[in-house]
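Below: the structure, in structure tokens.
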Amino acid sequence: MAECHPVGFQWVVEAKARGAKVFHIDPRFTRTSALCDRYLNIRAGSDIVLLGALINHVLSNELDFREYVLAYTNAPMIVSEEYRGTEDLDGLFSGFDPETRTYDPATWSYEGVTEEAAAGERSEQLDHGREHADMGGPDQYGAGGAAAHPKPKTDPTLRHPRCVYQILRRHFARYTPDLVAELCGISPEDFAELAEAITAHSGRERTTMWVYSVGWTQHTVGAQYIRAAAILQLLLGNMGRPGGGILALRGHASIQGSTDIPTLFNILPGYLPMPHAHQHETFDDYLARAGGDTGFWGRKRSYMVSLLKAWWGDAATEDNDFRFDHLPRLTGDHSHYSTVMGQIDGTVKGYFVVGENPAVGSAGGRAQRLGLANLEWLVVRDLTLVETATFWKDGPELETGEMRTEDIGTEVFFVPAASHVEKDGTFTNTQRLLQWREKALDPPGDCRSDLWFYYHLGKLLKERASSDERDRPLRELTWDYPEEGVHGDPSASAVLREIGGVGPDGALSGYTELKPDGSTRCGCWIYCGVYADEVNQAARRRPGREQSPEAPEWGWAWPANRRILYNRASADPDGRPWSERKAYIYWDEKKGEWTGPDVPDFEKTKPPGYRPPEGALAEAALSGTDPFIMQADGKGWLYAPAGLVDGPLPAHYEPFESPVRNPLYAQQDNPARRLYPRPESPYNPERSPRFPYVLTTYRLTEHHTAGAMSRPLAYLAELQPELFCEVSPALAAELGLANGDWATIVTSRTAIEARVLVTERVRPLRIQGRIVHQIGLPYHWGWGSGGLVTGDIVNDLMPLALDPNVHIQESKATTCDVRPGRRPRGADLLRLVEEYRHG
Amino acid sequence: MADGGLFARWPVIRQLRGQDGRGQAARSARTDALRPRVEEADSVARSVCPYCAVGCGQLVYVKDGKVSQIEGDPDSPISRGRLCPKGSASKQLVTHAGRQTTVLYRRPYGTEWEPLDLGTAMEMIADRVTRTRRDTWQQEHEGKVVRRTLGIAGLGGATLDNEENYLMKKLYTALGAIQVENQARI
Ligand code: SF4
């Protein structure tokens with residue numbers, strides 16, 4: 001965190017000064033480690049073992065926050081008799097089909113639910129879970145997650161052998177401190193200190209917070225890493241409370257925003273799922289299957305109708321299902337890496353790349369560049385000539401002889417972009433906070449904002465639209481934004497107002513005002529209210545020192561300007577603060593409303609004693625003690641009866657490429673992980689002696705992602721001029737690597753060279769009785785982007801092995817070999833990699 | 001300066017004599033005459049750092065139509081005026097000489113970039129989208145209506161504004177282009 005989110009880390013330092021205990025768990029020793037109380041060196045790819053052992057520690061010593069767990073989680077729910085877990089099936093859950101490597105999640109549900117649900121009705125069960133698995137599960141159900149039965153059978157004593165609490169106990173029983181030592185390389189003493197600290201600092205009086213970044217997501221089990229943390233935090237009562245939670249530190253200025261208003265294939269704004277051709281033929285099918293009808297997600301019709309009205313305006317009416325049929329349909333996985341395979345296969349012909357540099361930033365870069373070289377046309381928009389724009393002229397495949405410029409048919413347009421100071425608009429930061437940027441000046445030359453580019457492209461495309469039915473969605477698309485300035489920029493405020501929602505009386509003040517009848521328009525329901533009172537709320541800048549610590553008048557946080565999500569959980573079931581020192585949102589009996597320093601994440605006047613009437617829908621179906629208001633049952637899920645494609649509980653699987661055998665189960669790696677078994681995407685053999693070392697990647701403080709925003713800057717280039725690999729003195733001695741000299745790092749994909757940095761910061765780990773060495777590589781270099789410094793592309797080494805829930809690649813833990821000296825040039829490089837592949 | 005004499009006023013001597021090296025003793029006539037760049041700015045815009053998602057506040061100073069300085073915004077409750085090395089270097093991000101400010105075009109099988117007028121580029125891109133969309137249109141797939149094209153894809157968004165992502169998703173969806181992805185996937 002100190003390295004990659006340095007200014008955010010000031011608050012950790014401040015908390016530590018006020019008595020907080022800070023642990024840093026990471027395969028590499030960094031500035032964060034230097035400033036924390038205790039650094040734990042962990043083998044990359046083993047975190048579920050550590051988290052699972054913490055869960056086991058809490059459960060076997062009954063250290064859970066029992067009142068919280070009973071009231072706010074699904075611990076008492078009773079699970080179907082047909083469910084079998086990894087303890088029964090040696091690493092698999094019930095419902096696995098080895099042929100398609102997918103799960104049918106039917107048996108994971110609560111007792112009685114399987115029989116109740118009409119066969120094949122629930123989204124995740126269509127086609128025995130195959131479509132569910134194809135699409136990546138959770139996003140199909142929107143922000144509410146999958147709909148489990150809202151009122152299953154329960155056992156409040158938590159003794160029933162099939163209640164969630166007991167299933168958890170059995171599932172994690174073998175996750176012990178000894179196993180942590182064996183697989184993570186963390187000693188039992190260090191583990192005990194961590195376990196003691198997190199349990200001592202949880203409960204009524206205290207809270208513990210977990211912070212993670214892509215070190216937890218870039219794995220074939222990434223989503224389950226986060227699930228494991230969620231289970232631990234729910235057991236300890238650390239969700240929805242001040243100083244609690246699981247904080248994702250996101251790496252780009254508005255990567256949160258680009259997920260909320262997604263340039264992603266499987267969702268629409270506000271986590272509404274993109275419709276699927278088979279499951280969502282009609283609007284009614286869509287509403288019936290896209291998540292539950294209870295909780296705030298039960299208002300999904302209002303959210304969706306308001307979105308369709310924002311896009312198709314007067315053409316969207318009740319009679320035509322508000323033009324639901326204008327939405328294109330998915331039929332499976334259309335994610336980034338699948339799209340690249342489509343380029344190589346010739347189905348994808350035109351490609352827009354906007355402020356991203358996949359030739360350097362995506363895993364297995366060679367496949368990326370083979371894809372680019374097979375396009376008919378490519379449009380790149382960026383500040384500099386990024387490698388993605390120039391691969392045809394100076395890419396590494398020209399040097400190896402795999403490509404020749406004269407043979408590459410791709411037509412390339414480079415259309416320069418405006419910088420962040422040359423346009424106005426909002427970023428959404430890592431805490432869901434929208435902050436408006438004022439424009440400082442006009443962009444130079446042909447540089448234009450992406451708002452300008454897409455708006456004017458849209459106008460030109462609308463002009464070209466024919467009278468064909470195919471073009472109707474384009475013809476009817478609302479596309480009238482006031483133009484401003486010398487270049488005719490569309491007004492970003494007008495776009496934000498459309499996103500924030502309007503009704504008959506102007507801008508809306510919150511998502512509860514959205515209507516299912518077409519009388520409101522809103523481009524992203526979770527952002528509804530960002531333009532309340534016709535004021536750009538994201539532009540508010542009342543100085544922090546003049547406000548409470550929540551600073552509610554600085555920017556605007558979605559939803560409804562709430563700073564802590566699910567903050568109803570900061571009070572006990574009766575609405576009283578859990579303790580004086582952790583008071584946050586609580587029930588004011590006299591006023592009959594929830595109050596506190598934040599906006600309550602609950603209906604303001606719903607009393608703690610409220611119990612829903614039979615058949616209630618949407619939020620009315622949740623009781624006054626259900627804090628997780630987006631969930632269909634209002635509960636935090638320790639066990640996920642539906643929604644994930646690789647199991648209802650996290651289980652430790654080794655990374656797809658690992659030097660270590662999984663001692664827990666016969667199942668070595670995630671059985672449902674997604675692979676691309678094709679020549680462009682070769683893999684290192686399992687536990688191959690040719691690739692004996694663990695390889696992990698990371699960022700440096702002085703550079704940014706694929707480097708196009710940092711390599712061209714003199715200050716930053718000078719601070720970190722060269723690619724290096726971090727190795728321990730022991731490994732350096734073993735391989736004859738000298739500090740400052742060159743090393744070559746090899747995987748089945750390619751070989752790259754880097755300067756050797758011999759450092760005690762990398763420590764060899766004793767894993768299963770033998771020494772395992774880890775290598776660390778920062779990945780910011782490339783050959784172009786106007787960079788003042790150049791270097792080999794680290795991501796070229798990485799495998800295309802993906803998490804099946806979210807289609808994120810495993811770049812945080814793989815295997816490699818290291819040898820002294822520079823890498824071979826030209827065709828010799830291919831020969832070296834070929835030798836390694838075939839041993 | 002009470003202790004007079006040119007030599008005695010030389011900052012190094014004063015620092016050696018034990019005055020605080022970061023305070024009075026570091027000053028000279030030249031440094032006394034220096035004015036901060038921010039004082040002379042024609043305008044200042046309240047902005048946000050474009051790198052990571054902490055979202056530190058920035059003040060962007062403009063003088064004679066150019067960015068003259070970018071500093072941390074002390075009003076921000078997130079950053080309290082601080083910026084890390086990247087945020088502090090961001091004036092170079094917007095002013096460095098390596099920025100490409102004109103449209104470039106590479107024709108199929110071409111070996112060099114060629115200049116192209118922005119308006120022409122926009123028309124050419126619109127023509128290609130229209131053509132590819134028509135040629136690759138799928139009204140149905142496996143017997144179900146899909147009304148889409150798999151011929152056009154988009155990548156990027158995490159470095160852009162919400163408003164930009166919104167227009168992108170809106171336009172792509174109306175075109176039937178579904179392979180739209182960004183950095184959140186990697
Ligand atoms: S100044 Fe540094 S910490 Fe702050 S937003 Fe920019 S990159 Fe992130």
Side-chain angles (χ1 to χ4, degrees), chain A residues 5-8 250 252-253 255 257-259 261 263 277 328-329 334 336 339 348-350 352-356 377 385 405 409 411-412 414 416 419-421 425-426 429-430 435 437-438 440 444-446 450-451 454 458 460 464 473-474 477 492 495 543-544 551 554 702 704 712-713 715 786, chain B residues 45-48 50-51 53-56 60 62 75 77 79 82 84-85 89 92 94 96 98-104 106 108 111 118 126 128 130 132 144 146-148 150-168 171 174 176 178-182 184-185:
Chain A
H5 300 87
V7 181
R250 311 208 64 181
H252 298 78
I255 194 159
S258 67
T259 318
I261 298 179
T263 34
R329 301 301 202 261
H334 309 285
H336 175 47
T339 300
V348 179
K349 298 180 188 305
F352 289 94
V353 182
V354 185
E356 185 164 351
W377 52 268
L385 283 172
T405 300
E411 187 182 29
V412 186
F414 180 85
S419 77
H420 75 295
V421 302
T426 51
N429 84 346
T430 201
Q435 298 187 91
R437 297 185 329 275
E438 296 167 354
D446 293 338
D450 294 293
L451 203 66
Y454 280 93
L460 294 173
R464 284 162 173 74
L474 188 56
L477 190 69
V495 178
W554 182 272
E702 298 80 4
H704 190 60
L713 277 58
Y715 294 144
Chain B
R46 295 182 299 181
S47 192
V48 178
Y51 288 97
V54 171
C56 297
V60 181
V62 177
D75 286 351
S79 54
R82 294 158 170 117
C84 81
Q92 287 186 344
V94 298
H96 75 80
R99 248 185 103 173
Q100 177 65 36
T101 58
T102 56
V103 175
L104 291 177
R106 185 255 177 177
T111 55
L118 176 61
R128 277 143 191 78
T130 306
T132 303
K144 302 285 180 189
V146 291
R147 61 153 316 279
R148 70 185 184 190
L150 295 178
I152 301 171
L155 185 71
T159 55
L160 313 180
D161 298 348
N162 290 315
E163 296 75 14
E164 296 176 325
N165 277 286
Y166 180 73
L167 286 199
M168 288 162 74
L171 182 60
I178 56 170
Q179 296 156 112
V180 177
E181 288 278 90
N182 72 41
R185 195 71 70 194

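Every chain is numbered from 1 and lettered A, B, ... according to where its sequence line falls, protein lines coming before strand lines. The structure displayed is predicted, hence computed values, not measured ones.
- Ranked by heavy-atom pairs under 4.5 Å with chain B, the first of A/Asp450, A/Val353, A/Thr430, A/Thr405 is A/Asp450.
- In this pair, A/His704 and B/Tyr51 present their aromatic rings perpendicular. The plane angle is above 60°, beyond the 30 to 60° band.
- The candidate with the highest count of non-hydrogen atom pairs below 4.5 Å against chain B, out of A/Asn429, A/Leu477, A/Thr263, is A/Thr263.
- If you tally non-hydrogen atom pairs under 4.5 Å between each of A/Gly355, A/Gly409, A/Gly458 and chain B, the highest count goes to A/Gly409.
- Ranking B/Arg106, B/Gln92, B/Glu181 against chain A, the residue ahead of the rest is B/Arg106, based on heavy-atom pairs under 4.5 Å.
- With respect to chain B, the highest number of heavy-atom pairs below 4.5 Å among A/Ile261, A/Thr259, A/Leu713, A/Leu385 belongs to A/Leu713.
- Side-chain N/O atoms of A/Thr426 and B/Asn162 include a donor and acceptor closer than 3.5 Å.
- In this structure, chain B has heavy atoms under 4.5 Å from both the backbone and the side chain of A/Leu474.
- Each of B/Gly98, B/Ala174, B/Pro50 has some count of heavy-atom pairs under 4.5 Å with chain A, and the biggest count is that of B/Pro50.
- Ranked by heavy-atom pairs under 4.5 Å with chain A, the first of B/Cys56, B/Gly151, B/Ala89, B/Gly154 is B/Gly151.
- Looking at A/Ala551, the atoms closer than 4.5 Å to chain B (heavy atoms on both sides) all sit in the side chain, from C-beta outward.
- The salt bridge (charged side-chain N to carboxylate O under 4.0 Å, His left out) test applied to A/Arg329 returns A/Asp325, not counting sequence neighbours.
- Chain B forms the most heavy-atom pairs under 4.5 Å with one residue out of A/Ala253, A/Gly257, A/Gly445, and that residue is A/Ala253.
- Listed for the B/Gln179 side chain is no donor-acceptor partner under 3.5 Å among the backbone atoms of A/His334.
- The closest donor-acceptor contact from the side chain of B/Glu164 to the backbone of A/Leu451 lies under 3.5 Å.
- With chain A as the partner, the residue from B/Pro77, B/Cys84, B/Gly156 showing the most heavy-atom pairs under 4.5 Å is B/Pro77.
- Residues passing the salt bridge (charged side-chain N to carboxylate O under 4.0 Å, His left out) test with B/Arg148: none are found, sequence neighbours excluded.
- Note: B/Ser47 leads B/Ser79, B/Ser47, B/Gly176 in heavy-atom pairs under 4.5 Å with chain A.
- Of the listed residues (B/Met168, B/Arg82, B/His96, B/Arg99), the one with the most heavy-atom contacts under 4.5 Å to chain A is B/Arg99.
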